[in-house]
Protein chains: 2
Amino acid sequence: MAATMADVARVARVSKKTVSNYFNGYRYMTADTRSRIEAAIVELNYKLNLSARSLSSGRTGTIALAIPEIAHPYFAELAEAVVSAAQRRGMSVVVEVTAGQHDQELSVLRGTRGRSVDGLIAHPIALGASDIDSATVDIPVVLVGDRVHSGPFDFVTVANEQGAYDMTRFLFEHGRRRIVALGMEESPVPTAAAQRFDGFRRAHHDAGVEMVPELLVGPIPWNRLSGAEAIARAIDAGLEFDAVFGLNDAIALGAMAELQRQGLTIPGDIAVAGFDDVEEAALAFPPLTTVDSGREWIAETAVNRLVELIEVGASEEVPTVTVASHSVKYRASV
Amino acid sequence: MAATMADVARVARVSKKTVSNYFNGYRYMTADTRSRIEAAIVELNYKLNLSARSLSSGRTGTIALAIPEIAHPYFAELAEAVVSAAQRRGMSVVVEVTAGQHDQELSVLRGTRGRSVDGLIAHPIALGASDIDSATVDIPVVLVGDRVHSGPFDFVTVANEQGAYDMTRFLFEHGRRRIVALGMEESPVPTAAAQRFDGFRRAHHDAGVEMVPELLVGPIPWNRLSGAEAIARAIDAGLEFDAVFGLNDAIALGAMAELQRQGLTIPGDIAVAGFDDVEEAALAFPPLTTVDSGREWIAETAVNRLVELIEVGASEEVPTVTVASHSVKYRASV
DNA sequence: ATGAAAGCGCTAACAC
DNA sequence: GTGTTAGCGCTTTCAT
């Protein structure tokens, strides 16, 4: 039978309350009391029963992270950052995989799934603004990701438009003028692809550079293979270009590999740039110039904000929308 | 104030016990009772309090997964598989990141960290057999990974030696004789690198093919960049070879990219093979021949075994050691 | 600075 | 099939 707090109290010759104080960081306690408690804990190999604590306190010390998948560099790195940030605040993270399914994302937001947790960080990709408006959940929620929703939740998002703008200008500054945009999408819905493409377009406009329609490639899946295939098609079609901007790193990496396969040098013949700064970008050859979209910062901000909401209780304030700071990571591919 | 089970019982005009039965899938219940309960649940927007259930039942419905990192293709895919398998069994997963640190891996095994969970799946990489022997934990544990330990825990492991053996033979069958082994390590400790190299060596022996010492490269970090660098050095050194066996996919992928950069064709000039079958292997160009090390199967087996241990209670039986089935995924790189 | 007692909301015997 | 009762192990007033 596992020891209970009452056992510890008995062995330490104090009351249960004092032992509870010990575990909750109560400051005023004689050194003697403290050490008797510690001795008792060791002697009995006592472990706090967190279910009981949760029942009693109404807190679980756990938050949920709902993402479409784990085995995708961006989400894996995001998850890692969230887990670290949560760990620093003394919280555990249960990971829920939604597979990007509308119904699963919705049920997570509705709290139908998942264990009892104190709060939720979700990265929806299939939910429309109306779904989010309609979602009612009884715990604090912070949304993370690409789209800006108008819903009732706090939001921490990527500077898609500005990041793409900065990168495009950066390419201009390096003398590039005919840039292939790989993975673009024109859509009224502010998807990441649409927002990034908006930035690309605005940079052209501001710099007075014409966009070449043939060089605008998309929509295509945002993975390495389609990046490689798309750039191969561009070459086959005899298009002339001096740079490739992959709207995420996977596309850029795939394109870069294909360009090299075809005997082109980077950045000698063609400059290549990506977006996200996944870990592999820095390890590629040549290291990929990309936009650091602030994954770490997003994770940390989302966790901090969530903990704040949990601690003060969901306030009536208008939800905050935070845009992560971003930066161009200049590496040898440009 | 959130509704409790007593409220539901009152509204449905039944006892608490009956409502509890409803939530626990008790089969014998009149349709009328059932529907009254369901109506009450909806009316009150009632949610089961999992903390209370845990306290009362001694079960949390959650397992912990302790891995060195999430943002690594292999672990990300493993984590995803574990989460899916657990989901299928109605369990949630809290992910603990140990950073491959000895003390963190130990504290996870000792239950010092982490929330209260029903069981633990851990993939230690820094722990020796003695650490594992000494670890005592009060919940069921299933260990997963590369090394075979003698500890008191169940183990689900990768067929490192046999997988490497099969792949090496496969390369022989395709006429390759001078195979670069990238990432090998000779070590008394049965690390993945050592085990895979053992298989490589045994295949040579069985086939009566001499191993060429210059072609045995390692230890090197198991990532893409070091794969690329290592094969570049081999070429610079003027070594002759007709195949490259990267002891994991990252190395193989890096090497493959570098070979192509240098103008070699794959598999025309050089065959390339990897190990692990991470998702990207199939998406590479050309698609990478690799050993499917059974990640999905490992995850599923570990979860099933853990749930079994949780349900029957840690039995006194000798811990089982299970080796995942593996297979050579034949793709265009050979 | 420490103690006593009353729940938190559920499950599990056992009765009916 | 359904109801009664007694905890599970903690936190939290309220005393002292």
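Residue numbers start from 1 in every chain, and the chains themselves are labelled A, B, ... in the order their sequence lines are given, proteins ahead of strands. For clarity, every value in this text was computed on a predicted model and none was experimentally measured.
An OP1 or OP2 oxygen of dG7(C) is reached within less than 4.0 angstrom by no side-chain nitrogen or oxygen of Ser56(A). Taking side-chain N and O atoms only, Thr33(A) has a distance below 4.0 Å to OP1 or OP2 of dT2(C). For dT11(D), one of the phosphate oxygens OP1 or OP2 lies less than 4.0 angstrom from a side-chain nitrogen or oxygen of Ser20(A). For dT2(D), the OP1/OP2 oxygens have a side-chain nitrogen or oxygen of Thr30(B) closer than 4.0 Å. The side chain of Asn24(A) places an N or O atom within less than 4.0 Å of a non-bridging phosphate oxygen (OP1 or OP2) of dT11(D).
Comparing dC10(D), dC8(D), dT11(D) by their nearest atom to the side chain of Ser57(A) picks out dT11(D). Among the nucleotides dT2(C), dC10(C), dT11(C), the one closest to the side chain of Tyr46(B) is dC10(C). Among dT11(D), dC10(D), dC8(D), the nucleotide with an atom closest to any side-chain atom of Thr4(A) is dC10(D).
Applying the salt bridge (charged side-chain N to carboxylate O under 4.0 Å, His left out) test between Glu300(B) and each of Arg305(B), Arg89(B), Arg88(B), Arg295(B) identifies Arg88(B) as the sole match.
The residue Ser51(A) sits apart from the nucleic acid: no heavy atom pair falls under 4.0 Å. The residue Ser54(B) sits apart from the nucleic acid: no heavy atom pair falls under 4.0 Å.
Computed from coordinates, the Leu55(B) CG to dT11(C) P distance equals 11 Å when rounded to whole Å. Protein atom CG of Leu50(A) is 16 Å distant from nucleotide atom C1' of dC8(C), rounded to whole Å. Atom NZ of Lys17(B) and atom P of dC14(C) are 13 Å apart (whole Å). For Arg53(B) and dT11(C), the CZ to P distance is 5 Å, given to the nearest whole Å. Here the C1' atom of nucleotide dC10(D) and the CZ atom of Arg10(A) are 17 Å apart, to the nearest Å. Rounded to an integer number of Å, the gap from Asp32(B) CG to dG1(D) P is 14 Å. Atom CG in Asn49(B) sits roughly 17 Å away from atom P in dG9(D) (whole-Å rounding). Arg13(B) has its CZ atom 16 Å from the C1' atom of dG3(D), to the nearest Å.
Using modelled atom types, no side-chain atom of Asp154(B) and backbone atom of Val142(B) make a donor-acceptor pair closer than 3.5 Å. Judged by distance alone, with hydrogens and angles left aside, the side-chain atoms of Ser54(A) form a donor-acceptor pair with the main-chain N or O of Arg59(A) at under 3.5 Å.
Separation of atoms CD1 (Ile125(B)) and OG1 (Thr191(B)) is listed at 11.5 Å; rounding is to 0.5 Å.
In terms of position along DNA chain D, the nucleotide closest to Met29(B) lies nearer the 5' end than the nucleotide closest to the other residue of the pair Met29(B) and Lys16(B).
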| message | Please determine whether side chain to side chain contact (heavy atoms under 4.5 Å, CB included) holds for the pair Phe75(A) and Leu65(A), giving the CA-CA distance in whole Å, both sets of side-chain angles, and the decisive distance to 0.1 Å. | response | CA-CA 11 Å; Phe75(A) 291 114; Leu65(A) 170 68; over 6 Å; no
